[in-house]
Amino acid sequence: MQLTPIIAIHLAAALSAVLLGPFALWARLGRIVRPRWHRALGYAWTTCMVAAAVSAMFIRDDRLPNFAGLTPIHLLVPLTLLALYRAFAALARADIAGHRRCMQRLYIGACLVTGSLTLLPSRYLGQLVWGEWLGWL
């Protein structure tokens with residue numbers, strides 16, 4: 001697999017979401033509440049997550065078990081979009097605790113857990129980081 005433009009878009013959106021997430025969550029925690037920062041960073045983070053999810057649908061890998069080029073990891077795309085919908089639906093209902101739970105779970109699941117799985121040596125990013133950049137493989 002090569003670094004195609006769609007993979008570059010996906011990678012940029014996903015890395016941006018990983019980096020923006022803690023700042024968006026931090027802006028609402030602590031003694032000083034920063035609602036403008038939280039809202040701005042939250043919209044930026046959500047945009048990155050939608051871009052990562054949509055771009056993932058166009059990434060194909062024929063080496064893994066697949067159906068029409070879609071692998072089991074593509075099942076995370078509708079889950080991510082559903083979680084974003086639920087988070088904003090909770091916000092529309094003024095359920096701040098539900099919104100917070102959805103966003104925290106989405107950040108942990110979609111950014112941290114899934115992001116760390118992309119660093120496995122069998123994945124493209126894992127081969128790039130561990131093999132080409134660090135020379136450990």
Side-chain angles (χ1 to χ4, degrees):
M1 191 174 265
Q2 300 221 58
L3 185 63
T4 62
I6 196 69
I7 292 176
I9 290 169
H10 179 75
L11 185 60
L15 285 175
S16 297
V18 168
L19 295 175
L20 284 173
F23 293 106
L25 295 172
W26 164 80
R28 252 344 237 185
L29 299 175
R31 292 182 301 161
I32 302 171
V33 177
R34 298 168 179 85
R36 287 184 180 158
W37 279 104
H38 175 72
R39 186 171 289 140
L41 291 168
Y43 280 129
W45 183 79
T46 300
T47 302
C48 290
M49 289 300 293
V50 169
V54 170
S55 64
M57 291 305 297
F58 297 99
I59 299 173
R60 302 285 193 248
D61 190 357
D62 295 326
R63 294 175 297 153
L64 298 174
N66 66 72
F67 177 75
L70 299 174
T71 61
I73 200 163
H74 285 94
L75 294 174
L76 297 174
V77 171
L79 289 176
T80 298
L81 296 174
L82 178 65
L84 284 171
Y85 170 78
R86 290 184 66 202
F88 282 100
L91 196 58
R93 290 189 313 268
D95 181 9
I96 303 302
H99 173 72
R100 181 182 298 121
R101 268 193 315 274
C102 281
M103 288 302 203
Q104 288 173 343
R105 289 176 182 165
L106 185 59
Y107 179 76
I108 291 169
C111 290
L112 299 183
V113 173
T114 305
S116 63
L117 291 176
T118 63
L119 293 175
L120 291 173
S122 61
R123 307 283 300 171
Y124 172 73
L125 191 59
Q127 291 174 357
L128 189 67
V129 171
W130 307 122
E132 290 185 31
W133 292 349
L134 297 176
W136 292 355
L137 294 179

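All values below come from the heavy atoms of this structure, side chains included, with hydrogens, waters and symmetry mates left out. This one's a predicted model, so the numbers in the text were calculated from it and none came from an experiment.
Atom NE2 of His99 and atom CD of Gln104 lie 9.5 Å apart (nearest 0.5 Å). Distance check: Met103 CE to His38 NE2 gives 7.5 Å after rounding to the nearest 0.5 Å. In this structure, Phe88 CZ and Thr46 OG1 are separated by 3.5 Å, a value rounded to the nearest 0.5 Å. Here the CG-CG distance, from Leu84 to Leu79, works out to 11.0 Å after rounding to the nearest 0.5 Å. Here the straight-line distance linking atom OG1 of Thr118 with atom NE2 of His10 works out to 7.5 Å at 0.5 Å rounding. Here CZ of Arg101 is found 9.0 Å from CZ of Arg86. Values are rounded to the nearest 0.5 Å.
The shortest heavy-atom contact between Ala90 and Gly98 is CB-C, 4.0 Å. The minimum heavy-atom distance linking Leu3 with Ala8 is given by the pair CD1-N, 4.0 Å. Here the shortest heavy-atom pairing between Ala56 and Val77 reads CB-CG2, 3.9 Å. For the residue pair Ala13 and Ala51, the shortest heavy atom distance occurs at CB-CB, 3.9 Å. Here the closest heavy-atom approach between residue Gly109 and residue Thr114 is recorded as O-OG1, 2.9 Å. Taking both residues in full, the closest heavy atoms of Arg123 and Leu117 are given as CG-O, 3.6 Å, listed atom of the first, atom of the second, then distance.
Between the side chain of Trp45 and the main chain of Ala17, a donor-acceptor pair closer than 3.5 Å is present. Remark: the backbone N or O of Ile59 is paired with a side-chain donor or acceptor of His74 at under 3.5 angstrom. Although no hydrogens or angles enter the test, the distance criterion places a donor-acceptor pair under 3.5 Å between the side chain of Tyr107 and the main chain of Val18.
Cluster annotation: Val113 and Leu19 are assigned to distinct hydrophobic clusters (Ile/Leu/Val/Met/Phe/Trp/Tyr, side-chain heavy-atom contacts under 4.5 Å, transitive). In terms of hydrophobic clustering, with Ile, Leu, Val, Met, Phe, Trp and Tyr side chains grouped at heavy-atom distances under 4.5 Å, Leu128 and Trp136 are assigned to a common cluster. By the criterion of side-chain heavy atoms lying less than 4.5 angstrom apart, applied directly or through intervening Ile, Leu, Val, Met, Phe, Trp or Tyr residues, Leu11 is grouped together with Leu134 in one hydrophobic cluster. In the hydrophobic cluster analysis, where Ile, Leu, Val, Met, Phe, Trp and Tyr join through side-chain heavy atoms closer than 4.5 angstrom, Ile7 is grouped together with Val50. Note on Leu20: it clusters hydrophobically with Leu91, by side-chain heavy-atom contacts below 4.5 Å among ILVMFWY residues.
Within 6.0 Å of atom CZ in Phe23, 12 or fewer heavy atoms from other residues, nucleotides or ligands are found, so the atom counts as exposed in its surroundings.
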Note to self: Checking Gln127 against Glu132 for the side chain to side chain contact (heavy atoms under 4.5 Å, CB included) test, could you report, in this order, the C-alpha distance in whole Å, the side-chain angles of both residues, the deciding distance, and whether it holds?
What the structure shows: CA-CA 7 Å; Gln127 291 174 357; Glu132 290 185 31; over 6 Å; no
